[in-house]
There are 2 protein chains.
Amino acid sequence: MVITLKDVADQAGVSIATASLALNNSSKVKAETFRRVHQIAQKLNYIPNARAQALVKRATKTIGLIIPEMVNPFFAELTQAIKDTVIKESYNIILCCTDYKSEEEVKYINMFKSGQVDGAIFSCMGDLMQKNDEMVLDLAKNYIPVVYVERDSPNHQIIPIIKSDLKDGAYQATKYLIELGHREIGFVGQSSERMEGYRQCITQHQIALNQQFIFYNYITIEGGIAVGKKLLKLVQRPTALVCLNDEMAIGVIQALTHGGIQVPQDISIIGTDNIKISNFYNPPLTTINVPKIKMGKKAGNILLKLMAGQKLPVSEHYLLYPTELIIRQSTALLSR
Amino acid sequence: MVITLKDVADQAGVSIATASLALNNSSKVKAETFRRVHQIAQKLNYIPNARAQALVKRATKTIGLIIPEMVNPFFAELTQAIKDTVIKESYNIILCCTDYKSEEEVKYINMFKSGQVDGAIFSCMGDLMQKNDEMVLDLAKNYIPVVYVERDSPNHQIIPIIKSDLKDGAYQATKYLIELGHREIGFVGQSSERMEGYRQCITQHQIALNQQFIFYNYITIEGGIAVGKKLLKLVQRPTALVCLNDEMAIGVIQALTHGGIQVPQDISIIGTDNIKISNFYNPPLTTINVPKIKMGKKAGNILLKLMAGQKLPVSEHYLLYPTELIIRQSTALLSR
DNA sequence: TCATCCTTTTAAAACGTTTTAACTAATGTG
DNA sequence: CACATTAGTTAAAACGTTTTAAAAGGATGA
């Protein structure tokens with residue numbers, strides 16, 4: 001039913017070797033033969049078997065992309081950018097969502113080792129997750145090229161890393177809130193690099209770190225809502241919040257608004273990531289932009305290079321992308 | 001460097017046939033041999049080569065998923081549901097985003113024909129796109145099982161189809177607006193099944209179809225904003241709108257709010273899809289729920305069945321999932 | 001006419017598995 | 001003891017390509 005190279009060769013009256021050579025545009029075959037083989041292949045609608053090609057070429061023309069979940073605009077946008085880049089070299093993407101579970105990641109690493117993909121991009125996993133760094137390092141050393149995006153690598157020589165300056169982002173956000181007159185500034189998220197930027201900023205501005213104003217939760221809308229509800233019960237509330245991501249910010253705003261507290265009139269809120277919806281939310285979210293598209297493209301391009309067997313210039317082993325404060329309407333001057 | 005079956009066989013002192021048999025848990029090998037082979041395999045950290053397995057087994061344990069884009073919560077949620085289903089049988093997903101371009105889809109169809117995937121799920125493509133139905137039919141007839149989701153199939157026997165009742169959804173939405181007292185009801189989107197539900201409902205309720213109140217645009221937030229801006233300029237505005245999806249609804253609301261028109265006080269708006277954010281938007285969106293998760297799971301399960309060589313019961317050739325009106329706060333009684 | 005050198009073609013090996021059929025050794029049976 | 005049966009192992013084929021090395025054919029020149 002499915003046409004194979006043998007069929008083409010038979011009909012063209014040549015050996016499969018010649019047929020293969022012709023179809024791969026070898027200069028060795030006679031013009032006349034070349035023409036005939038191509039014509040027959042076209043007529044029969046011959047499509048080379050990718051599985052056989054993969055075996056002999058030791059490459060599948062696919063890459064693996066590890067992200068925690070798809071239903072998160074940050075990863076969706078990153079994925080899109082990576083896909084747009086690698087498709088130029090005809091690479092396809094195998095989607096590997098871990099649901100924030102280390103064990104899932106391990107399964108995917110083993111799948112990668114089996115030779116299903118020619119390279120892999122690992123994105124961040126949430127800060128509370130157990131890291132599989134040694135396993136990934138083994139993967140990168142002995143199997144396929146690997147690139148990290150927004151995730152720390154134990155060895156930049158082997159696993160290049162593309163990061164955004166989240167610490168500085170949180171610093172900028174906090175600084176802006178301080179400039180707006182806020183002193184009671186909280187942080188919403190998980191323990192992370194971002195929190196460190198927040199911490200540095202307030203201490204530098206002689207504001208004491210108040211553990212009461214630090215709220216841990218899932219980095220989702222639901223997590224934000226949970227934090228918002230907790231805030232409603234508080235006697236003394238912070239006047240401003242820096243959130244780990246835009247989803248949490250939206251959740252917090254939703255819960256607060258529902259409880260009769262206005263944003264930004266009563267409380268200023270800053271998100272992180274600048275996901276698409278944040279610009280169209282009510283109120284439009286002040287947030288920290290992370291150059292997802294740029295980073296995704298860079299990660300894709302670096303992986304393409306590595307898969308092509310090229311060495312990476314030292315300057316590209318660790319790339320830190322600047323983040324940027326985007327001022328919209330979820331923040332306002334402190335009114336007292 | 002990479003351990004192969006031959007290495008395991010050599011070290012265990014058996015032939016590769018025996019090694020293979022043992023590792024595939026054949027009952028034919030002696031218990032002692034079985035143990036020895038497994039032990040060596042473990043010690044050497046042997047992982048079977050997926051490319052070789054794919055060739056001989058004529059299967060790659062991957063499926064293709066065709067969607068227009070990732071950066072659209074509807075498809076992200078659908079993707080997640082499909083992935084969660086097929087992963088149970090150890091299938092991975094190759095992500096195929098067409099960017100609403102027919103030519104891209106054609107490329108992916110050819111990739112599928114090359115044997116890179118064992119099955120495929122095709123989702124909708126936007127109503128304005130040229131359809132490749134004949135090509136997909138050929139794919140399904142001669143190559144691999146195919147399932148359609150939210151997309152019309154020319155032959156349900158060969159390509160089963162999972163759909164939601166979008167026409168009824170739009171009907172319900174329009175009916176609800178009429179019940180709220182609205183008579184000047186507009187439709188925002190592309191020409192589609194949904195518009196047909198809207199049309200039927202208003203004519204059934206003796207309301208004349210006003211072409212002025214039908215707004216075509218891209219099915220994105222930006223498309224919605226464009227429509228919103230157009231609405232602002234109108235002398236006589238509709239008092240309610242049914243939107244093709246939630247993104248458009250959000251765009252419309254954003255533009256109108258910006259222009260000083262309140263939702264739902266001045267105008268009622270209903271979306272479609274019930275994407276996650278719609279519940280957390282300000283105002284929370286009244287919308288038509290489409291059971292994405294259920295549909296994705298069903299599509300995954302049907303494809304698994306087909307790939308396992310099972311026949312599909314006739315009752316599952318065409319599945320229409322009911323849609324449901326979710327009343328939130330973007331709609332209100334007509335105030336006159 | 002024969003050696004030499006291209007050009008073109010092809011047989012065969014390789015990729016790393018699974019699977020079939022054949023083989024060997026051991027066991028059971030009349 | 002001869003024969004059939006069973007258990008366990010393995011050689012070899014198969015999957016469908018690409019690639020290498022060898023072969024074949026043709027032209028050139030001495």
Side-chain angles (χ1 to χ4, degrees), chain A residues 1-38 40-41 44-61 90 110-118 143-144, chain B residues 1-38 40-41 44-61 90 110-118 143-144:
Chain A
M1 184 111 260
V2 171
I3 301 298
T4 160
L5 186 57
K6 190 171 178 308
D7 300 321
V8 177
D10 287 352
Q11 290 219 27
V14 295
S15 71
I16 52 171
T18 308
S20 173
L21 252 22
L23 292 173
N24 286 295
N25 301 318
S26 164
S27 59
K28 288 205 233 161
V29 324
K30 218 204 299 184
E32 150 66 9
T33 324
F34 180 95
R35 209 189 45 66
R36 201 166 69 250
V37 171
H38 272 264
I40 300 279
L44 298 185
N45 224 313
Y46 168 71
I47 298 174
N49 184 301
R51 295 185 300 258
Q53 283 183 324
L55 180 59
V56 63
K57 290 190 172 173
R58 299 175 147 87
T60 57
K61 277 291 181 177
S90 309
N110 282 322
M111 189 259 279
F112 294 169
K113 285 189 188 172
S114 79
Q116 277 236 35
V117 298
D118 304 341
Y143 297 85
I144 53 170
Chain B
M1 185 107 261
V2 171
I3 300 297
T4 162
L5 187 55
K6 191 171 177 307
D7 300 322
V8 177
D10 286 353
Q11 290 218 27
V14 296
S15 71
I16 53 171
T18 307
S20 172
L21 253 22
L23 293 173
N24 286 293
N25 300 318
S26 163
S27 59
K28 288 204 232 160
V29 326
K30 217 205 299 184
E32 149 66 10
T33 323
F34 180 96
R35 210 190 43 68
R36 199 166 70 249
V37 171
H38 272 265
I40 299 281
L44 298 184
N45 224 312
Y46 168 71
I47 298 174
N49 184 301
R51 296 184 301 259
Q53 282 183 324
L55 180 59
V56 62
K57 290 192 173 171
R58 301 176 145 88
T60 57
K61 278 290 181 176
S90 310
N110 282 322
M111 189 261 277
F112 292 170
K113 284 190 188 172
S114 78
Q116 277 235 37
V117 298
D118 304 340
Y143 296 85
I144 52 170

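As the structure is a computational prediction, the values presented were derived from the model and not from experiment.
- Note on residues 10-20 of chain B: pairs passing salt bridge (charged side-chain N to carboxylate O under 4.0 Å, His left out), not counting sequence neighbours, are Lys6(B)-Asp10(B).
- With rounding to the nearest 0.5 angstrom, the CG atom of Leu21(A) is 9.5 Å from the CG atom of Leu23(A).
- Comparing Ile16(B) and Ile3(A) by the nucleotide of DNA chain D whose heavy atom lies nearest to each, the residue mapping closer to the 5' end is Ile16(B).
- Once rounded to the nearest 0.5 Å, the distance linking CD1 of Ile144(A) with CG of Asp118(A) reads 8.0 Å.
- The two atoms that bring Val2(A) and Asp7(A) nearest to each other are O-OD2, 4.0 Å, heavy atoms only.
- When all heavy atoms of Ala19(B) and Leu5(B) are compared, the pair lying nearest together is CB-CD1, 3.8 Å.
- Sorted by first and then second residue, the salt bridge (charged side-chain N to carboxylate O under 4.0 Å, His left out) pairs with a member in residues 18-38 of chain B read Glu32(B)-Arg35(B), Glu32(B)-Arg36(B); sequence neighbours excluded.
- Heavy-atom distances under 4.0 Å link DNA chain D to Thr4(A), Leu5(A) of residues 4-12 of chain A, given in residue order.
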Legend entry - Worked verdict on Thr4(B) versus Asn49(B) for side-chain contact (heavy atoms from CB on, under 4.5 Å): CA-CA 8 Å; Thr4(B) 162; Asn49(B) 184 301; over 6 Å; no
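- Within the model, atoms CD1 of Ile47(A) and CZ of Phe112(B) stand 12.0 Å from one another, a figure rounded to the nearest 0.5 Å.
- Note that the first and last nucleotides of DNA chain D, 5' to 3', having any atom under 4.0 angstrom from a heavy atom of chain B are dG8(D) to dG16(D).
- For the pair Thr60(B) (side chain) and Gln116(B) (backbone), a donor-acceptor distance under 3.5 Å is present.
- Arg58(B) comes within 4.0 angstrom of the backbone, heavy atoms only, and of no base.
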Distances for protein N/O vs nucleotides 7-9 of chain C N/O pairs under 3.5 angstrom?
unit_1, atom_1, unit_2, atom_2, d
dT9(C), OP1, Thr33(A), OG1, 2.6
dT9(C), OP2, Lys30(A), N, 3.2

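- Relative to the axis of its first five pairs, the axis of the last five pairs of the helix from dT1(C)-dA30(D) to dG30(C)-dC1(D) sits at 70°, rounded to 10 degrees.
- The two residues Ala22(B) and Val29(B) come nearest to each other via the heavy atoms N-CG1, 3.9 Å.
- Contacts of Phe34(A) with the nucleic acid, taken as non-hydrogen atoms under 4.0 Å apart, are absent.
- In terms of position on DNA chain C, the residue among Val56(A) and Ala19(A) whose nearest nucleotide sits closer to the 5' end is Ala19(A).
- Between Lys61(A) atom NZ and Gln53(A) atom CD the span is 10.5 Å, to the nearest 0.5 Å.
- Rounding to the nearest 0.5 Å gives a distance of 5.0 Å between CG of Leu44(B) and CD1 of Ile3(B).
- Closest approach of Val37(A) to Ala12(A), counting heavy atoms only: CG2-CB, 4.1 Å.
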